[in-house]
2 protein chains.
Amino acid sequence: MARAGRKTRAVTILDIAKSAGVSKSTVSLVLKRSPLVREETRQRVAGAMDALGYVYNRGAASLRRARADIVGMVINDLSNPFFAELAIGIERALQNSGFVPFIANTAESVVRQAEVVRSMREHGAAGLILSPALDTDVAEISRLEARLPIVLAIRRIIGARASLVVSDNLAGATRATEHLIELGHRDIAFVGGVGRMVVFQDRVAGFTGAMEKARLAVEPARIIESMPTKDGGFDAMKRLLSSEGRPTAVVCFNDVVAIGAMLAIARHGLTVGRDVAVVGFDDTAEARHVSPALTTVSVDAGSLGERAAQMLLRQINEGERRLENYVGEARLVVRESCGATFKRRIAS
Amino acid sequence: MARAGRKTRAVTILDIAKSAGVSKSTVSLVLKRSPLVREETRQRVAGAMDALGYVYNRGAASLRRARADIVGMVINDLSNPFFAELAIGIERALQNSGFVPFIANTAESVVRQAEVVRSMREHGAAGLILSPALDTDVAEISRLEARLPIVLAIRRIIGARASLVVSDNLAGATRATEHLIELGHRDIAFVGGVGRMVVFQDRVAGFTGAMEKARLAVEPARIIESMPTKDGGFDAMKRLLSSEGRPTAVVCFNDVVAIGAMLAIARHGLTVGRDVAVVGFDDTAEARHVSPALTTVSVDAGSLGERAAQMLLRQINEGERRLENYVGEARLVVRESCGATFKRRIAS
DNA sequence: TGGGAGTATTGGAACGTTCCAAATACGGGG
DNA sequence: CCCCGTATTTGGAACGTTCCAATACTCCCA
């Protein structure tokens, strides 16, 4: 029961060749399904292969070919369901491409990010999908971009020349804010996210834009930053509520922040949707399952991931550089947390 | 701006050697931090490396060494936060091990699973952490197990001789059931999961065991199978509620099933915790955030993942076979969905 | 001044593929 | 029976490392 093939030299193309009575070159041709080899020999070789339990050695192959069939996916926070869905989308799109995804979770650490990117390069990754960690340096990206195909996902980095897959943050935040205004809210805050993130800037711009269009003032104190996590949202909301004159509605940076904020609101003895309207951003599965169900901006992480993967594959296959951008639609999904249904219920 | 290093031959150890005026062997020694090389040459070589922008080629290295620094993680459902947390735990434990994780999501398809396992073998993975898809064949596992280190995670497979990391499903389900019984419930159902999964069998055994110990009958109709997903839980609960004489409490196969079940209960006009008590299994982050908060059995997916990774590393490094088992503790976390707090509130 | 013990360094020979140019086989046609 | 074209097959020579045995170099002592 000791490990079999541990000491035994691995079965190689040469063993197959010998056993099938052909040359290694022929075996290689069979491997790549070349139409050059006669059907009969093909079968003989194939037979030898599974008789000997042959396992193709991709490492050796890509050594010769100078490029591996690996792509890296670098995710800044895999514990956020949004990014998990993104990862699944990428993985799904890669499925029949002949490429295999490496995954790494940087947990927002640029140091860790540099490590994993390096590791992926060392493994000969043909390309990278990168959802950059907070404070990622533009120079870092440019340096990378010069060396291998890379698509930036979700988080734009200003000044970076690289393909990009993001959602329409401006439009999404605008729509969410407008919705709250239509519901009659006048004092609205923006909660969560950190100022140096472009995503934050875009969403805040959407928020302020909509406010200004409705001739509503936005005090600086109505924009509260926090880490884009549940705890961050909780803390930010708590701060907001303990200051005097609380807003009647909040637009949250994303769903996890929103869920944290809802918790803080409840903890404060208030009711989400009645006392304070809440809207999120992302539409993760969780948004549907919290109570009250979260009104949020849907961006479909899964298909964003697929897009990113397809874009990367295109870039790998075409060989030369062509930057692409894809901005995914952001659709408002009205549920309960904004108070819309609540209002309706009262009206009837 | 065209891709630089695309056509240019990559910088190799030989280029470094020439530039630093040493032999390739010396460079190789520097690479592996050998104490054999003189400090001064070490620095010269290191200097040449980043002057030329050298990238280590792990593919070539592992070709020679006959084993790559890759481990595979095969996950049956990455969209379930439980497994996402498991994956993060694995990734975390691998972080300073010198091994890099490949990830694949099989989405419960044994066909897909066979594909990705094959691909990982082709890449020379040093070992595999496998959370097997539904209906995975024992023979398949045995075959694999004979070829490379592998640890089975979360889902046991009867008859498989392989290292194992699972949670204490029997004890967990027992505790959950006992808790409901202590709260006064007599008519309790078990909801979700599919009968041919060992995890299901274990949890049901815990459930029935606790019931029998309390001299309570368990009708076959009180054990409802379903896919271990939110929708599965929803459907199963709906079926259960539409039959006459509904139970006053349900033990759910896992958290996502429980959340689905809670949705069905609410949809049926009943209140979770008051009309029907619900307890889950896993204690994913979501459990805390649904409303009412889910009483559940905590198994700590993250640390289970870490364990699995450590076990795999041990197995890889030691060389010969030593099967290990780890059964993670299952702790009941009482929140609101079981009605305990509700009851208390009434009492006071 | 020769030798021995370290200490540093080095030149092949692998590792398992792919790629290329070249060789071979086979079938007719002249 | 030879030649030619088409269909198959084939032997190196890479690819970028690691490993091993062997060589240089230093220094010190007899």
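Order of the sequence lines sets the chain letters (A, B, ...), proteins ahead of strands, with each chain counted from 1.
- Between the CG atom of A:Leu63 and the C1' atom of D:dA14 there is a distance of 9 Å, rounded to whole Å.
- Partners of B:Arg64 by salt bridge (charged side-chain N to carboxylate O under 4.0 Å, His left out), not counting sequence neighbours: none found.
- Close to D:dT10, at under 4.0 Å from its OP1 or OP2, lies a side-chain N or O of A:Thr26.
- Between A:Phe102 and A:His123, the ring planes lie tilted relative to each other; the angle falls in the 30° to 60° range.
- Annotation: side chain to side chain donor-acceptor pair (under 3.5 Å) contacts of A:Thr26 (sequence neighbours excluded): A:Ser23.
- B:Ser79 and A:Glu85 share no side-chain donor-acceptor pair at under 3.5 Å.
- In this model, a donor atom of one side chain and an acceptor atom of the other lie less than 3.5 Å apart for A:Gln113 and A:Thr136.
- No hydrogens or angles considered: a donor-acceptor pair under 3.5 Å links the side chains of B:Ser131 and B:Asn76.
- Legend: residues meeting side chain to side chain donor-acceptor pair (under 3.5 Å) with B:Arg65, ordered by chain and number and at least two apart, are absent.
- Not counting sequence neighbours, the partners of B:Glu91 by the salt bridge (charged side-chain N to carboxylate O under 4.0 Å, His left out) test are A:Arg112.
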So if I define the base as every atom that isn't primed, P, OP1 or OP2, how would nucleotides 17-24 of chain C read as a B/S/- string at a heavy-atom cutoff under 4.0 Å?
BBB-----
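- Per the geometry, NE2 belonging to B:His123 stands 17 Å off P belonging to C:dG16, to the nearest Å.
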Dump every N/O contact between nucleotides 6-8 of chain C and the protein below 3.5 Å, one line per pair.
none

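- Between the CD atom of B:Glu122 and the C1' atom of C:dG16 there is a distance of 13 Å, rounded to whole Å.
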